[in-house]
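Both counts, for ligands and for their atoms, begin at 1 and track the order of listing.
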Amino acid sequence: MNEILIGNKKSWNTVSHHFNGVDALPSYGPFAQTEDELHLFNEIKDKNVLEIGYGSGHSLRYMAEQGASELWGVDLSEEQRSAAESTLNGLNANLFCAPMEDDIGLPKGHFDIVYSIYAIGWTTDLPGTFQLIHSYLKKGGCFIFSWDHPLYPHLLMENGRIYLDSSYQEEGPYTIERFKGENAPMVLHKRKLSTYINELIKAGFTIEQVIESDVGERFEGVDGEVSDRYYSLYKARQFPTTMIIKAVKM
Ligand SMILES: C[S@@+](CC[C@H](N)C(=O)[O-])C[C@H]1O[C@@H](n2cnc3c(N)ncnc32)[C@H](O)[C@@H]1O
């Protein structure tokens with residue numbers, strides 16, 4: 001494991017308790033439309049599904065409720081695995097604790113659906129991760145993932161006005177020293193929207209849909225008071241929090 005992954009794993013073990021069911025299907029991300037509104041997954045019943053970054057396991061439970069046949073997942077953190085095990089209590093799931101970047105011998109050409117809710121952006125190797133995901137899918141299978149809109153980490157709010165705080169042109173790693181207010185430094189990568197799209201194409205995917213989220217129906221009529229928080233309803237009404245991409249292995 002590279003240095004970044006060793007550090008991130010330790011920090012994810014520290015902060016995992018903050019993420020119990022936070023970013024999980026049918027939700028795609030903060031304030032964004034849900035799967036009930038977007039209908040990106042076709043048939044889930046009797047399909048083999050693999051989640052990248054399964055976190056607390058709530059999305060896998062959602063997949064089970066929709067009648068998925070086999071539940072598989074990979075996540076970096078042991079703490080997340082124990083959280084997922086208790087969420088999936090009694091359900092048969094193959095949960096692996098490993099970096100998504102590594103080929104840990106997951107079956108190739110086996111999955112109808114690979115998906116990831118707010119985890120893909122953690123990869124330290126985007127091309128390698130997309131190539132692996134492509135290899136796990138059956139022909140005709142789909143890959144759906146959501147992540148922060150790529151411009152989002154460059155934006156700051158001050159007194160209700162959004163401004164660009166750093167160059168969108170600069171891609172690469174950056175460190176958050178205190179994640180979720182804990183002594184849990186995390187290294188993330190800034191990447192452009194075109195980088196995600198081009199790496200999917202290079203890995204062999206056909207892109208079916210790209211969504212820059214709008215505010216979900218559940219917030220209709222809800223007052224979004226002016227806020228300078230990283231995620232807020234007020235900000236989400238002006239700029240997409242979340243990018244969602246659906247790609248297919250033809
Ligand atoms: C925001 S959480 C995703 C939450 C998840 N969708 C849920 O329902 O709980 C991000 C997850 O990605 C995992 N993660 C971070 N870096 C990873 C990596 N390189 N490989 C695999 N999983 C990773 C973390 O351990 C964490 O569980």
Side-chain angles (χ1 to χ4, degrees), residues 1-32 34-35 40-41 49-66 68 71-88 91 93-106 113-133 136 143-149 152-153 173-176 179-180 182 184-189 191 230-231 241-245:
M1 239 193 283
N2 66 45
E3 287 300 309
I4 295 178
L5 287 173
I6 292 169
N8 282 359
K9 181 182 169 88
K10 191 161 172 266
S11 294
W12 269 108
N13 282 337
T14 306
V15 301
S16 93
H17 62 102
H18 292 281
F19 287 86
N20 206 343
V22 174
D23 296 309
L25 287 169
S27 168
Y28 279 108
F31 303 104
T34 65
E35 171 59 12
L40 297 179
F41 289 92
V49 306
L50 165 66
E51 178 165 7
I52 307 295
Y54 52 74
S56 58
H58 287 80
S59 295
L60 280 170
R61 194 168 74 187
Y62 171 88
M63 284 291 166
E65 286 160 3
Q66 310 305 310
L71 305 174
W72 295 65
V74 60
D75 196 288
L76 187 61
S77 149
E78 290 97 358
E79 288 296 323
Q80 294 288 60
R81 177 159 66 180
S82 12
E85 278 166 355
S86 69
T87 304
L88 295 168
L91 290 169
N94 299 301
L95 299 180
F96 295 87
C97 192
M100 64 179 96
E101 293 90 332
D102 288 3
D103 186 346
I104 55 165
L106 296 179
I113 299 170
V114 180
Y115 69 96
S116 181
I117 309 298
Y118 265 79
I120 280 295
W122 287 100
T123 184
T124 53
D125 175 10
L126 192 67
T129 300
F130 282 169
Q131 280 158 27
L132 271 177
I133 290 170
Y136 300 145
F143 171 41
I144 296 174
F145 73 92
S146 67
W147 181 246
D148 261 352
H149 189 287
Y152 210 79
Y174 67 103
T175 303
I176 299 174
F179 195 65
K180 287 282 167 190
E182 304 247 19
M186 294 279 199
V187 178
L188 281 144
H189 284 73
R191 299 180 174 106
Y230 188 72
Y231 298 119
T241 58
T242 306
M243 123 184 119
I244 308 162
I245 300 186

Q.
Please state which option from Asp23, Asp148, Asp102 has its nearest heavy atom closest to atom 8 (O) of ligand 1.
A. Asp23
Q: Could you tell me which atoms of ligand 1, counted from 1 in the order shown, lie closer than 4.0 angstrom to a heavy atom of Pro99?
A: 20 (N)
Q. So, does Glu78 use its side chain to make a donor-acceptor pair with the main chain of Asn13 at under 3.5 Å?
A. no
Q.
Taking 4.0 angstrom as the limit and counting only heavy atoms of Tyr54, give me the atoms of ligand 1 inside it, by number and element.
A. 5 (C), 7 (C), 8 (O), 9 (O)
Q | Pairwise distance OH(Tyr174) to CE(Met186) - rounded to 0.5 angstrom | A | 11.5 Å
Q: Any chance you could measure Glu85, atom CD, to Tyr54, atom OH, to the nearest 0.5 Å?
A: 7.0 Å
Q. Nearest protein heavy-atom contact for atom 19 (N) of ligand 1: which residue, which atom, what distance?
A. Glu101 OE1, 3.1 Å
Q | 4.0 Å heavy-atom contact, Ala83 with ligand 1 | A | no
Q: May I ask you to decide if the ring planes of Phe179 and Phe19 are parallel, tilted or perpendicular, using 30° and 60° as cut-offs?
A: parallel
Q | Value rounded to 0.5 Å, distance of NZ in Lys180 from OG in Ser16 | A | 12.0 Å
Q) Shortest non-hydrogen contact from Ala32 to Thr242? A) CB-OG1, 3.9 Å
Q | Proximal atoms of ligand 1 relative to Phe19 (non-hydrogen, under 4.0 Å) | A | 1 (C), 9 (O)
Q: Check the pair Glu101 / Leu5 against side chain to side chain contact (heavy atoms under 4.5 Å, CB included), numbers first and verdict last.
A: CA-CA 10 Å; Glu101 293 90 332; Leu5 287 173; 3.4 Å; yes
Q. Are any side-chain N or O atoms of Ser59 and backbone N or O atoms of Leu25, one a donor and one an acceptor, separated by less than 3.5 Å?
A. yes
Q) Run the side chain to side chain donor-acceptor pair (under 3.5 Å) check on Asp148 and Thr241 step by step: do they pass? A) CA-CA 6 Å; Asp148 261 352; Thr241 58; over 6 Å; no
Q. For atom 25 (O) of ligand 1, what's the nearest protein heavy atom and its distance?
A. Asp75 OD1, 2.6 Å
Q.
Need the ligand 1 atom indices (1-based, order shown) with element for anything under 4.0 Å from a heavy-atom of Gln80.
A. 25 (O), 26 (C), 27 (O)
Q | Aromatic ring proximity Tyr28/Tyr118, centre distance under 6.0 Å | A | no
Q. Taking the side chain from Thr123 and the backbone from Ile120, do they hold a donor-acceptor pair closer than 3.5 Å?
A. no
Q) Considering only the protein, which heavy-atom contact is closest to atom 22 (N) of ligand 1, and what is its distance? A) Leu76 N, 3.1 Å
(Q) Just to confirm my output: which protein heavy-atom neighbour is closest to atom 12 (O) of ligand 1, and how far is it? (A) Ala119 CB, 3.6 Å
Q: Would you indicate which of Trp147, Phe96, Tyr118 comes nearest to atom 10 (C) of ligand 1 when only heavy atoms are counted?
A: Tyr118
Q: Give the numbers and elements of all ligand 1 atoms closer than 4.0 Å to a heavy atom of Gly55.
A: 5 (C), 7 (C), 9 (O), 27 (O)
Q) For ligand 1, which atoms have a heavy atom of Ala24 less than 4.0 angstrom away? A) 8 (O)
(Q) Can you tell me how the ring of Tyr231 sits relative to the ring of Tyr152, calling it parallel under 30°, perpendicular over 60° and tilted otherwise? (A) parallel
Q. Considering distance alone, does some N or O of Leu5 sit under 3.5 Å from an N or O of ligand 1?
A. no
Q: Could you tell me whether ligand 1 has any atom less than 4.0 Å away from a heavy atom of Glu51?
A: yes
Q: Just need the protein heavy atom nearest to atom 18 (C) of ligand 1, so name the residue and atom and give the distance.
A: Met100 CE, 3.7 Å
Q: Between Ala98 and ligand 1, find which residue part has any heavy-atom pair under 4.0 Å and reply side chain, backbone, both or neither.
A: backbone
Q: List the closest protein heavy-atom neighbour of atom 16 (N) of ligand 1: residue, atom name, distance to the nearest 0.1 Å.
A: Trp122 CB, 3.2 Å
Q | Nearest non-hydrogen protein atom, atom 9 (O) of ligand 1 | A | Ser56 N, 2.9 Å
Q. Taking both backbone and side-chain atoms of Val74, is any N or O found less than 3.5 Å from an N or O belonging to ligand 1?
A. no
